[in-house]
> 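One structure follows; several queries about it will come next.
Just so it is clear, the values below take in all heavy atoms, side chains as well, and ignore hydrogens, waters and symmetry mates.
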Amino acid sequence: QDEYKPDKDLSEVDLKNAIRVHHALATKASDYSKKSNVLKLKTADWRVFLFQAPSKEEMLSWILRINLVAAIFSAPAFPAAICSMKKFCRPLLPSSMTKMCQEEQLRSHENKMKQIADELAEHKLHPVEKSLKSKEAEEYRLKEHYLIFE
């Protein structure tokens, strides 16, 4: 709401409230009907933000630009930590520039989508009892949530 001043330094509050777009995805918020021209931004830490643009053209422009910047700052994920426990851990998502060109990124994403779809199908073949409140059931739900989100 404050007036934008390009020569003004960012404050600590500005930096604290910044939205990190690495590994984020902007899409039209088709499931949101209260207002028009709304886009949805899903971040790497699973937060969801809604933004309203003044027009459909601006909304599409914002989506394109946000996704372009997100792609540039989305280097491939590091593998998740491995330990002797069978605990599920999400992979680490670095916020550094990728060295891949757009075609390589697209192939990488397509391969990752296939891998995650296969992993989700395999995961669903071995369900745990829904009534269980154990760590095993919680781990199962966490991994399933992650795979669906990805």
Side-chain angles (χ1 to χ4, degrees), residues 1-83 87-124 127-128 130 133 135 137-150:
Q1 293 181 351
D2 294 338
E3 186 178 327
Y4 174 69
K5 297 175 185 157
D7 56 338
K8 182 182 167 198
D9 288 337
L10 292 173
S11 70
E12 190 174 316
V13 173
D14 292 333
L15 294 172
K16 187 174 158 187
N17 292 324
I19 300 170
R20 299 183 65 145
V21 296
H22 72 93
H23 295 90
L25 178 65
T27 58
K28 183 177 189 283
S30 53
D31 54 346
Y32 184 81
S33 58
K34 291 182 182 178
K35 296 184 179 185
S36 58
N37 309 316
V38 175
L39 66 106
K40 179 181 354 185
L41 177 66
K42 290 183 177 182
T43 64
D45 58 359
W46 298 6
R47 295 187 299 163
V48 177
F49 296 91
L50 297 175
F51 298 95
Q52 184 180 21
S55 68
K56 183 177 181 178
E57 293 75 24
E58 285 234 19
M59 177 193 67
L60 296 173
S61 174
W62 289 5
I63 290 171
L64 180 70
R65 289 166 195 261
I66 290 169
N67 286 335
L68 180 62
V69 171
I72 290 169
F73 287 97
S74 298
F78 297 125
I82 299 173
C83 65
K87 184 178 176 185
F88 169 72
C89 294
R90 292 174 54 199
L92 301 172
L93 301 174
S95 60
S96 58
M97 291 185 74
T98 184
K99 291 181 171 55
M100 290 191 244
C101 68
Q102 286 184 337
E103 291 80 19
E104 290 171 317
Q105 277 189 308
L106 180 60
R107 280 193 301 277
S108 173
H109 287 304
E110 287 170 341
N111 291 337
K112 191 69 174 172
M113 281 289 295
K114 183 181 179 339
Q115 176 189 351
I116 286 177
D118 292 346
E119 197 173 336
L120 180 59
E122 176 68 25
H123 180 74
K124 288 185 174 184
V128 296
K130 296 282 184 196
K133 297 283 185 197
K135 286 183 182 179
E138 182 57 30
E139 293 294 323
Y140 181 87
R141 284 188 282 275
L142 180 64
K143 183 173 182 179
E144 184 173 48
H145 178 72
Y146 163 75
L147 291 170
I148 289 169
F149 182 85
E150 285 299 303

> Do Lys40 and Asp31 have side-chain heavy atoms sitting under 4.5 Å apart?
yes
> Flag the pair His123 / Tyr140 as yes when at least one side-chain heavy-atom distance between them is below 4.5 Å, and no otherwise.
yes
> When Ser61 is tested against each of Glu57, Arg65, Glu58 for side-chain hydrogen bond (donor to acceptor under 3.5 Å, both in side chains), which residue passes?
Arg65
> Side-chain contact test, heavy atoms from C-beta onward, threshold under 4.5 Å: evaluate it for Leu120 versus Glu144 and give yes or no.
yes
> Which pairs would a plain distance check flag for residues 42-49, meaning a side-chain donor or acceptor within less than 3.5 Å of a matching protein atom at least two apart in sequence or in another chain?
{"residue": "Thr43", "atom": "OG1", "partner": "Asp45", "partner atom": "OD1", "Å": "2.3"}
{"residue": "Thr43", "atom": "OG1", "partner": "Arg47", "partner atom": "N", "Å": "3.2"}
{"residue": "Thr43", "atom": "OG1", "partner": "Arg47", "partner atom": "O", "Å": "3.4"}
{"residue": "Asp45", "atom": "OD1", "partner": "Arg47", "partner atom": "NE", "Å": "3.4"}
{"residue": "Asp45", "atom": "OD2", "partner": "Arg47", "partner atom": "NE", "Å": "3.2"}

> Quick one: pull up CG in Leu147 and CG in Leu142 and give me the separation to the nearest 0.5 Å.
9.5 Å
> From Leu106 CG over to Asn111 CG, what is the distance, rounded to the nearest 0.5 angstrom?
9.5 Å
> What is the distance from atom CE of Met113 to atom CG of Asp118, rounded to the nearest 0.5 Å?
11.0 Å
> Kindly write out the residues that satisfy side-chain hydrogen bond (donor to acceptor under 3.5 Å, both in side chains) with Arg107, not counting sequence neighbours, or none if the list is empty.
none
> Are Gln115 and Lys112 side-chain neighbours, meaning at least one heavy-atom pair lies under 4.5 Å?
yes
> Would you say Thr27 and Ile63 make side-chain contact, with heavy atoms under 4.5 Å?
no
> Do you know which two heavy atoms are closest between Asn67 and Ala24, and how far apart they sit?
OD1-O, 4.3 Å
> Is there a side-chain contact between Lys28 and Leu39 in this structure, where contact means two heavy atoms from C-beta onward sitting under 4.5 Å apart?
no
> Looking only at atom types and distance, does a side-chain atom of Asn37 sit under 3.5 Å from a main-chain N or O of Lys56, one as donor and one as acceptor?
yes
> Taking only residues two or more places apart in sequence or in another chain, which ones pass salt bridge (Lys or Arg N to Asp or Glu O under 4.0 Å) with Glu104?
none
